[in-house]
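Everything below concerns the one structure shown next.
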Amino acid sequence: MKAMKYKNYIRGRWVESKSKEVFEDLNPATGDVIGYFQKSTSEDVEDAIDSAEKSFGSWSELPAPKRGEMLLNIAHMIRERKEELAKIMTTEMGKVLTEARGDVQEAIDITEYMAGEGRRLFGFTTPSELKNKFAMTIRRPIGIVGLITPWNFPIAIPAWKIMPALICGNTIVFKPASDTPLCALKLIEIIEKAGIPDGVINFVTGSGSVVGDEIVLNKKVRGISFTGSKETGESIVRKAGIKKVGLELGGKNGIIIMDDANLELALEGVLWGAFGTTGQRCTAASRVIIHEKVKKKFEEMLLARVKKLKLGNGLKPDTDVGPLINDAAVKKSEYYTEIGRKEGARLICGGKRMQMKGFFFEPTIFTEVKPNMRIAKEEIFGPVLSLITIKDVYEAIKVCNDTEFGLSSSIYTENMKNAFLAIEKIDSGITYVNSSTIGAETHLPFGGVKGTGNGTREAGIEGIHEFSETKTIYIDYSGKLQKAQIDTENIK
Ligand code: UN1
């Protein structure tokens with residue numbers, strides 16, 4: 001791929017930043033530069049916000065079914081270009097091609113779902129406590145929304161945010177992750193061609209400390225949706241003040257394996273959850289919480305399979321595990337491996353950077369991990385898995401909950417009681433039974449509790465709630481002043 005220079009997209013035009021500076025976009029499997037992107041300034045962001053402000057009136061007044069038709073165009077165009085987009089994604093982000101196709105598919109799914117919402121956007125009606133009075137709710141856009149997205153799902157997550165924001169009638173300022181701006185730009189090109197009017201979506205690349213900060217601080221931006229680290233999420237909340245903020249932050253997701261589990265099935269789930277996307281999902285399984293009776297056997301089964309995993313460039317069909325996103329990510333996995341060793345956990349495989357071009361780290365497993373060790377508590381966002389032994393389901397749930405995060409969780413068991421205890425007692429936004437911690441579907445709510453977020457959910461109908469405001473309407477056709485809470489007493 002020839003490294004081209006790419007621009008911002010503001011007012012429906014492709015424009016350079018006022019800084020006249022660019023940053024490099026790298027292929028993590030080779031370290032090669034694949035593109036140059038605008039190192040934007042806060043003035044560029046102000047320009048984008050101004051553009052979003054000017055387009056808000058006409059876009060929000062367009063009937064939602066019309067906006068839905070445009071979203072359907074976008075979905076068709078993404079589908080037509082699925083293979084091309086997946087290849088770009090593997091080149092830019094590193095995930096293996098089959099997973100990159102899944103990422104693009106997730107964008108198609110959410111876009112089609114939100115297109116359909118154009119003919120729903122339901123409010124509700126309910127009886128009034130007074131006679132000759134009608135009560136209902138409607139949904140209205142928030143206004144200008146700022147979307148700040150991560151690199152690990154470089155097309156799916158932007159789509160999760162852009163599509164509900166558009167269908168609800170908001171206008172957008174969008175800052176993609178600086179590790180994957182090309183995937184985001186390809187999505188913008190499609191949105192442009194699909195007929196979304198100029199200025200409705202504005203795309204500005206650059207750093208979190210300049211571009212992100214301006215989006216979050218600017219008074220004209222009424223809503224923020226952010227997916228990324230807990231630290232950044234906390235700083236956004238502090239800066240955003242009373243804006244409507246949706247956060248999807250980290251995870252330290254556990255898979256519980258009970259003594260009655262189908263171990264073959266659990267093995268597939270653990271491999272997929274821990275090493276799929278090289279462990280770089282918020283929903284990745286980074287802890288296996290396993291019953292003491294099956295621990296030894298499962299550990300042997302796991303080790304045999306992990307040793308066979310093939311690391312390499314995700315474009316090659318025989319690659320199981322791709323690179324990490326960048327050098328800092330490799331250093332983080334190295335750092336936590338060192339911590340695990342010092343804490344007294346036993347490293348049974350991996351633990352090293354691969355001596356090859358690109359940013360590769362071996363699939364790594366620690367056993368005899370204690371719940372209070374840092375490797376069992378902190379998000380590593382790499383292919384590093386901790387095995388923790390437990391005696392029964394109650395201890396398993398306690399250990400599973402013993403982290404500041406609460407995104408995804410899973411239990412492998414053939415026993416209904418264990419399954420329901422996990423469903424009801426694990427503090428997480430998502431629980432899987434006999435399936436891994438990853439693979440959320442776009443028509444169900446996505447998000448977590450505790451340190452994972454601030455209560456909002458993305459996708460499905462909750463995605464509509466994230467990007468709209470509820471208005472309550474009372475229509476009094478009695479022709480006289482009726483007082484709620486007061487006149488009710490006289491109604492016969
Ligand atoms: C994330 O890692 O932030 O459930 C999102 C899954 C994917 C989304 C993950 N559908 O693993």
Side-chain angles (χ1 to χ4, degrees), residues 78 86 89 93-96 98-114 147-164 176-177 179-180 183-184 225-233 236 246-255 268-287 321-322 324-325 329 379-385 405-410 428-433 435-454 456-460 462-463 466:
I78 304 176
M89 189 184 301
M93 183 272 163
K95 65 174 74 175
V96 296
T98 43
E99 287 188 36
R101 289 188 191 113
D103 190 311
V104 180
Q105 186 58 46
E106 210 165 315
I108 297 168
D109 296 344
I110 193 85
T111 309
E112 287 179 345
Y113 179 93
M114 290 300 165
L147 312 181
I148 304 175
T149 59
W151 46 263
N152 67 334
F153 277 80
I155 294 191
I157 293 183
W160 284 9
K161 299 186 192 299
I162 291 170
M163 305 311 161
D179 283 301
T180 52
C183 284
S225 181
F226 170 75
T227 299
S229 75
K230 180 162 169 280
E231 293 65 37
T232 309
I236 286 178
L247 298 175
E248 206 276 277
L249 311 174
K252 190 70 190 176
N253 315 293
I255 294 185
E268 298 304 326
V270 169
L271 288 166
W272 176 225
F275 304 116
T277 330
T278 324
Q280 301 172 105
R281 293 196 192 205
C282 307
T283 49
S286 50
R287 298 180 297 156
V321 181
L324 288 173
I325 187 68
E379 187 178 45
I380 303 173
F381 227 65
V384 182
L385 181 66
F405 298 108
L407 181 53
S408 187
S409 56
S410 148
S428 63
I430 306 168
T431 293
Y432 289 89
V433 177
S435 183
S436 193
T437 52
I438 66 179
E441 301 177 29
T442 58
H443 56 300
L444 282 99
F446 183 89
V449 301
K450 302 197 287 187
T452 295
N454 57 349
T456 49
R457 292 288 180 273
E458 294 193 278
E462 305 242 1
E466 184 185 1

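Atoms within each ligand, like the ligands themselves, are counted from 1 in listed order.
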Margin query: Which residues pass the side-chain hydrogen bond (donor to acceptor under 3.5 Å, both in side chains) test with Asn152, not counting sequence neighbours?
Written below: none
Note to self: Please enumerate all residues that pass side chain to side chain contact (heavy atoms under 4.5 Å, CB included) together with Glu466, with sequence neighbours excluded.
What the structure shows: Ser225, Glu458
Check: Do the side chains of Leu324 and Pro383 get nearer than 4.5 Å, heavy atoms only?
Finding: yes
Next item on the list: Report the residues that fulfil side-chain hydrogen bond (donor to acceptor under 3.5 Å, both in side chains) with Arg281, sequence neighbours left out, ordered by chain and then residue number.
Entry: Thr277
Notebook entry, point to check: Looking only at side chains, do Thr227 and Thr149 share a donor and an acceptor under 3.5 Å apart?
Noted result: no
Notebook entry, point to check: ligand 1: which residues have a non-hydrogen atom closer than 4.0 Å?
Noted result: Glu106, Asn152, Phe153, Ile157, Trp160, Glu248, Arg281, Cys282, Thr283, Ile438, Gly439, Ala440, Phe446
Check: Step by step, would you call Thr278 with Lys95 a side chain to side chain contact (heavy atoms under 4.5 Å, CB included)?
Finding: CA-CA 7 Å; Thr278 324; Lys95 65 174 74 175; over 6 Å; no
